[in-house]
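Here is how names work: the chains are called A, B, and so on, in the same order as the sequence lines, proteins then strands, and each is numbered from 1.
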2 protein chains.
Amino acid sequence: MSSAQKPAPAERQRDAARTRAEILAVATGEFARDGYAGARVDKIADLTRTTKRMIYYYFGGKEQLFTAVLEAAYSEIRQLEGDLDVEHLDPVAATRRLVELTFDHHEAHPDFIRLVSIENIHEAEHIIASEKLSRLGSPATDVLQRILESGRKAGLFHAEVDAIDVHAMISSFCFFRVSNRHTFGALFARDLVDPDSRDHYRNMLADMICAYLTSPPLHRDGEELS
Amino acid sequence: MSSAQKPAPAERQRDAARTRAEILAVATGEFARDGYAGARVDKIADLTRTTKRMIYYYFGGKEQLFTAVLEAAYSEIRQLEGDLDVEHLDPVAATRRLVELTFDHHEAHPDFIRLVSIENIHEAEHIIASEKLSRLGSPATDVLQRILESGRKAGLFHAEVDAIDVHAMISSFCFFRVSNRHTFGALFARDLVDPDSRDHYRNMLADMICAYLTSPPLHRDGEELS
DNA sequence: CCAGTAATGTACGAACTAGTACGTTACTTA
DNA sequence: TAAGTAACGTACTAGTTCGTACATTACTGG
């Protein structure tokens, strides 16, 4: 590694991978900050050590660049989810752990949250058009599926729980806490991402999810109030 | 009413209030659809019966128009919340009713959800700058506050519940279900706003909130895992 | 009924913005 | 080492887009 076999081209002047990666990183920040329409191709170029020409050279255009940003952001997330190992825990502890992981992840990646919000404004058109993103599964829901099943078998969880539903419940609070912190803070004078209340919200969500899973449902699905 | 006292100027050719309202209505749709940067002043003007000149005449500019759109949207919401009357119900039923109202409201106002998402991308700068929106209180949290207090006194709810926290929990799911339906649908092949699953999600959220309020907390706030 | 003003329309411009034509240089490999 | 190509830079353009100067008309109070 340290041997100077290759004379360590201390500063390569031409490095396709690096240039591409730098554009992607800068674009991620700019799109997350200003939205798709608000982001400026010229500004993204200015923030890199290269020029606008290279954006078109590597990505083709603004739209494809945005798709590439989304693909990279989602890939990173899914990779982290894949490393998750909670199978050795009991169902309640495993659920708690999964909640905490989602909570921590969303908190640590506000740019990702913003990109997802922006993509929703565009009705997910880039995700739908992206083969790469369509192929991407979701390790989180697979893990959750197994946790819930074992919890049900052990008689700890009630029958109606569905993995994707529970994932939606967990995600919604973790996502909202970050995505809507500005309007919520402005209107209710409470900073949902205040570090001092972090543990409080983390525990609250885990409590709520576990309370839901372990309490018998109060209603009955399909019930009609005629 | 029907008498022709005023000869019913069947079509007034000049009507400030109407022109202003029409611009606001069209702008709401356009901003919600395309975001702040994506919306076009010229297009908004074209969709009204008047011209771009009037947008600047009545609102001053694109930025102020967006603020006016937000103000109108929030005002409408707050008015609806104010009509809410659940004080005669027992705490659990009242909570359930409040959840259902939020759920129904968010579902019925996707444009509002999109505007709030967009405003969060802009870090709530328009809300913060708007006197009108700063003064706007929140009837929903006031009502919730009273429900929770009576539930606590009756020994039904545990001690840690806070009105704004519970409001955040309720809002997050109702909001996420609408705001993120596109990415969620694309990635998990599940339409959260499918009419067929509406009752299911509505009941699920109410069950979860009530389960949380009535179950003792599993952790302890302030607990340190050293 | 007439003068003043609120309301409205037209036409235009300056700045911006995505994208490209064309030229150049560093690196590789035959 | 020479030639080919991948990587990169400059300068420009066509089309937008917000905003406004200027002109005009409908309505109303005196």
Restricting to side-chain hydrogen bond (donor to acceptor under 3.5 Å, both in side chains), what partner residues turn up for B:Glu123, sequence neighbours left out?
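With neighbours one apart ignored, the set is empty.
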
Could you state the atom-to-atom distance from [atom1] of [X] to [atom2] of [N] in whole Å?
X: B:Asp42; N: D:dG15; atom1: CG; atom2: C1'; answer: 13 Å
X: B:Phe59; N: C:dA7; atom1: CZ; atom2: P; answer: 13 Å
X: B:Tyr56; N: D:dT17; atom1: OH; atom2: P; answer: 12 Å
X: A:Lys62; N: D:dT16; atom1: NZ; atom2: P; answer: 15 Å

Before you tell me yes or no, could you show the steps for B:Phe112 and B:Glu76 under side-chain contact (heavy atoms from CB on, under 4.5 Å), namely the whole-Å CA-CA distance, both residues' side-chain angles and the distance that decides it to 0.1 Å?
CA-CA 10 Å; B:Phe112 175 71; B:Glu76 193 186 341; over 6 Å; no

Summary of protein contacts for nucleotides 6-12 of chain D, nucleotide by nucleotide, where a base hit scores B, a sugar-phosphate-only hit scores S (4.0 Å, heavy atoms):
BBBBB--

Over all heavy atoms of both residues, which pair between A:Leu47 and A:Val26 is shortest? Give the atoms and the distance, please.
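The answer is CB-CG1, 3.5 Å.
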
Can the ring centroids of A:Phe176 and B:Phe176 be said to lie less than 6.0 angstrom from one another?
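No.
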
Test item: A:His105 side-chain N/O and A:Leu101 main-chain N/O as donor-acceptor pair under 3.5 Å:
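Flag not set: sc A:His105 to bb A:Leu101 has no pair under 3.5 Å.
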
Under 3.5 Å side-chain donor-acceptor pair for A:Glu63 and A:His126
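Result is yes, a qualifying pair exists.
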
Side chains of A:Thr50 and A:Glu22 only: does a donor on one sit below 3.5 Å from an acceptor on the other?
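Distance-only check fails for A:Thr50 and A:Glu22.
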
Check the angle between the aromatic planes of A:Phe66 and A:Phe31 and answer parallel, tilted or perpendicular using the 30° and 60° thresholds.
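Plane angle over 60°, so perpendicular.
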
Return the residues of residues 27-41 of chain B meeting this criterion: a heavy atom under 4.0 Å from some atom of DNA chain D. Order them by number, or give none.
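Nucleic-acid contacts, sorted: B:Ala39, B:Arg40, B:Val41.
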
